[in-house]
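I have placed the structure first, in the form of structure tokens, so that the comments after it can refer back to it.
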Amino acid sequence: MLGASYAAVPLYRLYCQTTGLGGSAVAGHASDKIENMVPVKDRIIKISFNADVHASLQWNFRPQQTEIYVVPGETALAFYRAKNPTDKPVIGISTYNIVPFEAGQYFNKIQCFCFEEQRLNPQEEVDMPVFFYIDPEFAEDPRMIKVDLITLSYTFFEAKEGHKLPVPGYN
């Protein structure tokens, strides 16, 4: 029972990432869609960034910017910074969430550091990019009419070397 309850959170997040439910961005996007997107210039959305670290991980982790403004149909780039202040190498792995949850189906990550092991040596500090876009269909969804703020939140957990979470949509 203890093992099943421990695995429930990562499994739920993987399910949400696949379906776009629960505030997870949808994984795996074709580059041809990006090339043919038409920006919705009259729909400006503020993206705020949040960073958390599980109690078992002694990293310093924060977004390099607190917010940026984007329009649906244009790509954007943001950075997070992580530092291992300890005297030993540590491996971390992150998950993410998007609020409001309904916006998760329109938040498309092209490249990010989530669900991949990140090894930081003692006192090492690294910048981690997140390259994303908001699908232009966001502007046409009546449920998104009053949404002008989306929060992207990452949480880092300590990982054991060799253990990787499967990322839905990638083989």
Side-chain angles (χ1 to χ4, degrees), residues 1-29 45-70 75-135 147 149-171:
M1 287 297 286
L2 180 63
S5 64
Y6 183 78
V9 172
L11 291 174
Y12 175 73
R13 288 183 189 215
L14 291 173
Y15 168 76
C16 290
Q17 182 182 14
T18 304
T19 63
L21 297 175
S24 292
V26 180
H29 304 284
I45 304 162
K46 180 165 80 170
I47 308 295
S48 69
F49 300 93
N50 181 59
D52 294 302
V53 179
H54 188 265
S56 68
L57 185 64
Q58 297 178 0
W59 284 5
N60 300 323
F61 177 58
R62 63 181 170 78
Q64 288 192 17
Q65 62 290 300
T66 57
E67 61 191 36
I68 62 173
Y69 291 87
V70 301
T75 58
L77 182 63
F79 288 90
Y80 282 78
R81 179 169 286 165
K83 181 177 182 180
N84 175 7
T86 70
D87 60 355
K88 63 178 182 172
V90 179
I91 298 172
I93 193 164
S94 68
T95 60
Y96 63 91
N97 199 357
I98 295 167
V99 176
F101 299 128
E102 299 81 12
Q105 65 184 325
Y106 298 108
F107 198 100
N108 299 281
K109 292 188 292 108
I110 300 165
Q111 179 184 5
C112 86
F113 53 88
C114 58
F115 299 106
E116 294 179 7
E117 290 182 354
Q118 307 292 327
R119 178 188 166 106
L120 296 183
N121 291 316
Q123 304 301 316
E124 183 178 11
E125 186 172 34
V126 296
D127 293 332
M128 294 182 261
V130 179
F131 189 39
F132 67 93
Y133 69 92
I134 306 296
D135 194 302
V147 175
L149 170 65
I150 297 174
T151 301
L152 175 61
S153 180
Y154 282 92
T155 302
F156 255 103
F157 298 87
E158 186 169 7
K160 303 299 179 197
E161 194 162 6
H163 291 93
K164 291 191 176 203
L165 293 174
V167 179
Y170 295 98
N171 292 327

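Counting from 1, the numbers follow the sequence of the chain as shown.
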[Y] and [X], any side-chain heavy atoms less than 4.5 Å apart:
{"X": "Arg81", "Y": "Phe61", "answer": "no"}
{"X": "Arg119", "Y": "Glu124", "answer": "no"}
{"X": "Asn108", "Y": "Ile134", "answer": "no"}
{"X": "Ile45", "Y": "Leu149", "answer": "no"}
{"X": "Cys112", "Y": "Pro129", "answer": "no"}
{"X": "Leu77", "Y": "Val130", "answer": "no"}
{"X": "His54", "Y": "Trp59", "answer": "no"}
{"X": "Asp52", "Y": "Phe156", "answer": "no"}

Between Phe107 and Phe132, how do the two ring planes meet: parallel, tilted or perpendicular, split at 30° and 60°?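 Rings of Phe107 and Phe132: parallel, as their planes differ by under 30°.
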
Looking only at non-hydrogen atoms, find the nearest pair between [X] and [Y] and report the distance.
{"X": "Thr86", "Y": "Gln58", "value": "CG2-OE1, 3.2 Å"}
{"X": "Val70", "Y": "Ala76", "value": "CG1-CB, 3.6 Å"}
{"X": "Ser94", "Y": "Cys114", "value": "OG-CA, 3.2 Å"}
{"X": "Met128", "Y": "Ala82", "value": "CE-CB, 3.2 Å"}
{"X": "Ile98", "Y": "Leu152", "value": "CG1-CD1, 4.0 Å"}

Under 3.5 Å, is there a donor on one side chain and an acceptor on the other for Gln64 and Asp127?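 Yes.
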
Is there a donor-acceptor pair under 3.5 Å between the side chain of [X] and the backbone N or O of [Y]?
{"X": "Gln111", "Y": "Phe131", "result": "no"}
{"X": "Asn97", "Y": "Ser153", "result": "no"}
{"X": "Tyr80", "Y": "Asn50", "result": "yes"}
{"X": "Gln65", "Y": "Phe79", "result": "yes"}

The test is side-chain contact (heavy atoms from CB on, under 4.5 Å); show your working for Ile47 and Tyr69 and say whether it passes. CA-CA 6 Å; Ile47 308 295; Tyr69 291 87; over 6 Å; no

Under the side-chain contact (heavy atoms from CB on, under 4.5 Å) criterion, do Asn84 and Val90 qualify, and how do the steps go? CA-CA 7 Å; Asn84 175 7; Val90 179; 3.7 Å; yes

Using 0.5 Å steps for rounding, measure from the [atom1] atom of [X] to the [atom2] atom of [Y].
{"X": "Asp135", "Y": "Gln105", "atom1": "CG", "atom2": "CD", "value": "9.0 Å"}
{"X": "Gln118", "Y": "Ile93", "atom1": "CD", "atom2": "CD1", "value": "8.5 Å"}
{"X": "Glu102", "Y": "Ile150", "atom1": "CD", "atom2": "CD1", "value": "10.5 Å"}

Cation-pi geometry met for Lys109 and Tyr133 (6.0 Å, 45°):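 Because its charged atom misses either the 6.0 Å distance or the 45° angle limit, Lys109 does not stack over Tyr133.
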
Pair Ser48-Thr151, side chain to side chain donor-acceptor pair (under 3.5 Å): steps then yes or no: CA-CA 5 Å; Ser48 69; Thr151 301; 2.8 Å; yes

Please lay out, stage by stage, how Val53 and Thr155 fare under the test side-chain contact (heavy atoms from CB on, under 4.5 Å). CA-CA 5 Å; Val53 179; Thr155 302; over 6 Å; no

Looking at Tyr154 versus Phe49, is the centre-to-centre ring distance below 6.0 Å?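 No, too far apart.
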
